[in-house]
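These notes are about the structure you will find just below.
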Amino acid sequence: MKMKEIAKKLCVAITVTAVVMYYSGFGINAEFCKGASAKKPLAGQEYIIRTKTKGPLAKIKKNYSESNNINDNKQDLLEENNMISLELSQTEVKELSVDDNIEFVEEDAMVEASTQNNKIILNEKKPHKKQEKVNKKNSSGHEWNVQMINADKIKKNKLKRKIKIALLDSGVDAGNDISLAYSISLVPGEEEMTKIFMDGSGHGSSVASLIAAEDNGEGITGINPNAEIYSIRVLDDANQAPLSRVIEGIYLAIEQKVNIINMSFGLNTYSKALEEAVEAASEEGILIVAAAGNTGDNGVQYPAAYDEVLAVGSVDKQGEVTEHSAKGEEIEIVAPGELVRTTGFLGTEMVSSGTSLAAPQVAAAASLIWERDPSASADFVRDLLKESANLYGEAESYGSGLVDAEYALDHYDEFKKNTNSRGKSEQDLRIEENKEKITTFEDTGCVEGCWYGNNHANMVSAGYFNVREGARFPDTDKYIDKDTYVFKRMSINPWWHGYYKYTNYIKAVIYATRMGDAIYYYGKGNQIKASNPNYNNATVMLSDIKYMDNHNVWANELIRIKDINKNNEKAQAQKETVGFRRAFIWGMAIHAATDTYAHSVRYQGKLITHSTKVNGVERADSTEVCRNRYKDAQKIASQIMERYINKQSLSVNDLILPQAPTDYQIFNLYKNVASMDLNAASRVSSYSYSSSSK
């Protein structure tokens, strides 16, 4: 038996496997279980238990403490697969490890480690001499990475067959130039997280944009805007997650009947529980794509290292494998992953690096192939991607080569014909080897940084991070017990959630920004000097901000922001200043403004409520119900953001859409706007609605 295989077996036998996910550029790294050198588990650590049958689960739940790694949005898919995450002492671990009803016990906690793996690459190819077409500067309307994989040459799909791609990531912000078919958070405390600001770090939105950002002349365009994105948030704001939450996400993707799963994170050692979830997805005909990892010569991470997963490495603008890209015999294909432009918070453009960005480009190319024939198998798509790739380097770095979307589609029919006729034992190529010139660049036009919209001169510096956190804050309530709600719950705090029923949400948004401005111009704690727009609930909003002053909220949130943006020097240099407080409160105001489109909308003659669900998601928060409202909410957020950046006061007109929607109405909009500006109210009368019957 190989030493790597022995290490794998040992890892299961000692019943200790752990997961660490941390932010590294835009590649996610996680390390766990290194056999005898792993840290000893402490009392109260969390473990994944799998029973041989369903019967013992009920007894185990009764006798042991269940962990809280997955929020109430879960659908108990772990339990359906005879698994559960428990909080156990070392004594309890030993008890369960010798229980005949238990298949395995794995640690669901965080320890550092590193091991190898033993995946075998099939259909080996020999590299040829690299041929390239060098561009001094990217003068094309397409992003450099899209040109390098020849996705800019793909004709639009007239059949409009939609391929479903599940992103297990940090979430995707709704309305941000990416159409979402499904969106949910499994992170504890985020059961009510608004879909507009679902992504706490920007990682998931960046990944999604590379696949499916719309071709609308704004920002970047994804490789396949026709793909349907199923966003499953498993990584928290710091891009961390316990293994149990990742596994629940995989089973949820299976339940949603997706075609492709993309995972832009990794683990350094083998996990039996994760492998079984991956195998289950593969058995359902799902193509699983994962980032190989930013580990360089230290080996390919899991889940990319599993046989069932297409492992993706990254190359730079010259088409050369990047230094950080994982190397090893498990690499199957590569794609651009250094200084790649993506979509970020509220329409910003972000430039980042990592295998995390390479993987979704391969998933997108796979979806283009699959659109030709949705009845094709995942193995067919995977094999065509690999055999059509351009291999000009060693397999341990490049796998089968650089993904080439155009070459794959041009040889689709030939590959299909040869695949159907070849013998199972044959290992020869089924299409002519791809020796085309690759498109490389001396200057891509991409440098690391963030810009607001299309105006690159108007940079968002410290406020960008702070506004994002402020916009997500009202849905979390981190500083109080679970039965007390200072900011959370629209029925209790309607002024922070755009709820028509108990407040004038227009005045609430404007007053929030005025409190932020008062702090900025008069100093910390001086929000009381904000001018009151004759708003009945101004007093309670003021007391909420005073609560933040008195409970160390500002300092704690600054620590969180720095933790989320570990590798961003600007974020690390921030201090708890009046500018920080203004940014955070303006973010809370943006939350209130955009929540109006979730909680105060009438669609197809009925109020969109939380009482019914669509595919397991409450109707008011479902991106499948009246999708335009999320795009419109993002427009409002962008208008508010422009005032924030330019240090201008917010006006009623900033809370009005540039064009009136025709497919939905907003409750009491005319009434609320008219209370401040009658002329502005006339602009919203067509999409305002008021009725006691709703």
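For clarity, every value in this text was computed on a predicted model and none was experimentally measured. Quick note: residue numbers are just sequence positions, from 1.
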Within-4.5 Å side-chain heavy-atom neighbours: V289 and L287:
yes
Are K162 and N226 linked by a side-chain donor-acceptor pair shorter than 3.5 Å?
yes
S206 to M350 - nearest heavy-atom pair and separation
OG-SD, 4.1 Å
Under a 3.5 Å threshold, yes or no: a donor from one side chain and an acceptor from the other, between E275 and Y270?
yes
Step-by-step side-chain contact (heavy atoms from CB on, under 4.5 Å) determination, I84 to L57
CA-CA 8 Å; I84 190 171; L57 270 181; 3.9 Å; yes
Pair I165-N224, side-chain contact (heavy atoms from CB on, under 4.5 Å): steps then yes or no:
CA-CA 11 Å; I165 304 178; N224 187 9; over 6 Å; no
Is it true that the side chains of Q361 and N145 contain a donor and an acceptor less than 3.5 Å apart?
yes
Are any side-chain N or O atoms of R50 and backbone N or O atoms of F104, one a donor and one an acceptor, separated by less than 3.5 Å?
no
Verify, without hydrogens or angle tests, whether S356 (side chain) and S264 (backbone) share a donor-acceptor contact under 3.5 angstrom.
yes
Carboxylate-amine/guanidinium proximity below 4.0 Å for R341 and E349
yes
K195/R629 under side-chain contact (heavy atoms from CB on, under 4.5 Å): CA gap, chis, key distance, verdict
CA-CA 11 Å; K195 299 298 183 289; R629 63 193 170 116; over 6 Å; no
What's the separation between atom CG in L339 and atom OG in S352, rounded to the nearest 0.5 Å?
8.5 Å
Would you mind checking if E103 and K52 are paired as a salt bridge, meaning a charged N to carboxylate O distance below 4.0 Å?
no
So which heavy atom on I331 is nearest to which on Y398, and how close?
CG2-C, 3.8 Å
Given side-chain contact (heavy atoms from CB on, under 4.5 Å), test F197 with T594 step by step and report yes or no.
CA-CA 9 Å; F197 307 112; T594 55; 3.3 Å; yes
Hydrogens and angles aside, do S201 and H203 bring a side-chain donor and acceptor to less than 3.5 Å of each other?
no
To the nearest 0.5 Å, what is the distance between CG (D152) and NE2 (H142)?
5.0 Å
Compare every heavy atom of A365 with every heavy atom of I223, then report the nearest pair and how far apart it is.
CG2-N, 4.4 Å
If we ignore angles and hydrogens, is there a donor and acceptor under 3.5 Å between the side chains of D373 and S375?
yes
Could you check whether any side-chain N or O of S85 sits under 3.5 Å from a backbone N or O of S67, counting only pairs where one atom can act as donor and the other as acceptor?
no
Considering only heavy atoms from C-beta outward, does the side chain of E106 approach that of L243 to under 4.5 Å?
yes
Hey, are the side chains of S325 and E338 touching, using non-hydrogen atoms and a 4.5 Å cut-off?
no
Can you check whether V246 reaches F265 side chain to side chain, under 4.5 Å on heavy atoms?
yes
Within this structure, what is the CD1-CG distance for the pair I229 and L167, rounded to the nearest 0.5 Å?
5.0 Å
Any heavy-atom pair between the side chains of Y230 and L252 that's under 4.5 Å?
no
Do we see a donor-acceptor contact under 3.5 Å between the side chains of E190 and N71?
no
Could you measure the distance from the NZ atom of K54 to the CG atom of N82? Nearest 0.5 Å is fine.
4.5 Å
Write down the atom of A326, the atom of T295, and the distance for their closest heavy-atom approach.
CB-OG1, 3.3 Å
Would you please say whether a donor-acceptor pair under 3.5 Å links the side chains of S209 and T342?
no
Look at the side chain of W370 and the backbone N and O of A376, then say whether any donor-acceptor pair between them is shorter than 3.5 Å.
yes
Distance (rounded to the nearest 0.5 Å) between E228 CD and L180 CG:
10.5 Å
Are a donor atom and an acceptor atom from the side chains of D404 and S388 found within less than 3.5 Å of each other?
no
Give the minimum heavy-atom separation between G249 and L168, together with the two atoms involved.
C-CD2, 3.8 Å
Establish, for the pair R372 and Y412, whether the NZ or CZ atom is under 6.0 angstrom from the six-membered ring centre and no further than 45 degrees off its axis.
yes
Taking the side chain from T355 and the backbone from A358, do they hold a donor-acceptor pair closer than 3.5 Å?
no
May I ask you to check whether H591 and T194 show a side-chain donor-acceptor distance below 3.5 Å?
no
For R382 and D379, run salt bridge (charged side-chain N to carboxylate O under 4.0 Å, His left out): C-alpha distance rounded to whole Å, both residues' side-chain angles, the deciding distance at 0.1 Å, then the answer.
CA-CA 5 Å; R382 181 178 181 175; D379 287 340; 5.1 Å; no
Taking the ring of F415 and the ring of Y407, is the distance between their centroids below 6.0 Å?
no
Heavy atoms, side chains only, cut-off 4.5 Å: are P336 and W144 in contact?
yes
Atom CD of E79 and atom CD of E248: how far apart are they, to the nearest 0.5 Å?
9.0 Å
Do I70 and L78 have side chains that approach each other closer than 4.5 Å (heavy atoms only, starting at C-beta)?
yes
Any donor-acceptor N or O pair under 3.5 Å, side chains E214, S179
yes
Shortest non-hydrogen contact from S397 to V321?
O-CG2, 3.4 Å
Any side-chain to backbone donor/acceptor pair from D173 onto M198? Under 3.5 Å, distance only.
yes
Just by distance, no angles: are the side chains of N176 and Y630 close enough, under 3.5 Å, to form a donor-acceptor pair?
no
Do side-chain atoms of D632 reach the backbone of P661 as a donor and acceptor pair under 3.5 angstrom?
no
Distance-only, no hydrogens or angles: does the S282 side chain make a donor-acceptor pair with backbone N or O of V278 under 3.5 Å?
no
Going by the salt bridge (Lys or Arg N to Asp or Glu O under 4.0 Å) test, name the single residue among D199, D236, D237, D595 that passes it with R472.
D237
Do E308 and E279 have side chains that approach each other closer than 4.5 Å (heavy atoms only, starting at C-beta)?
yes
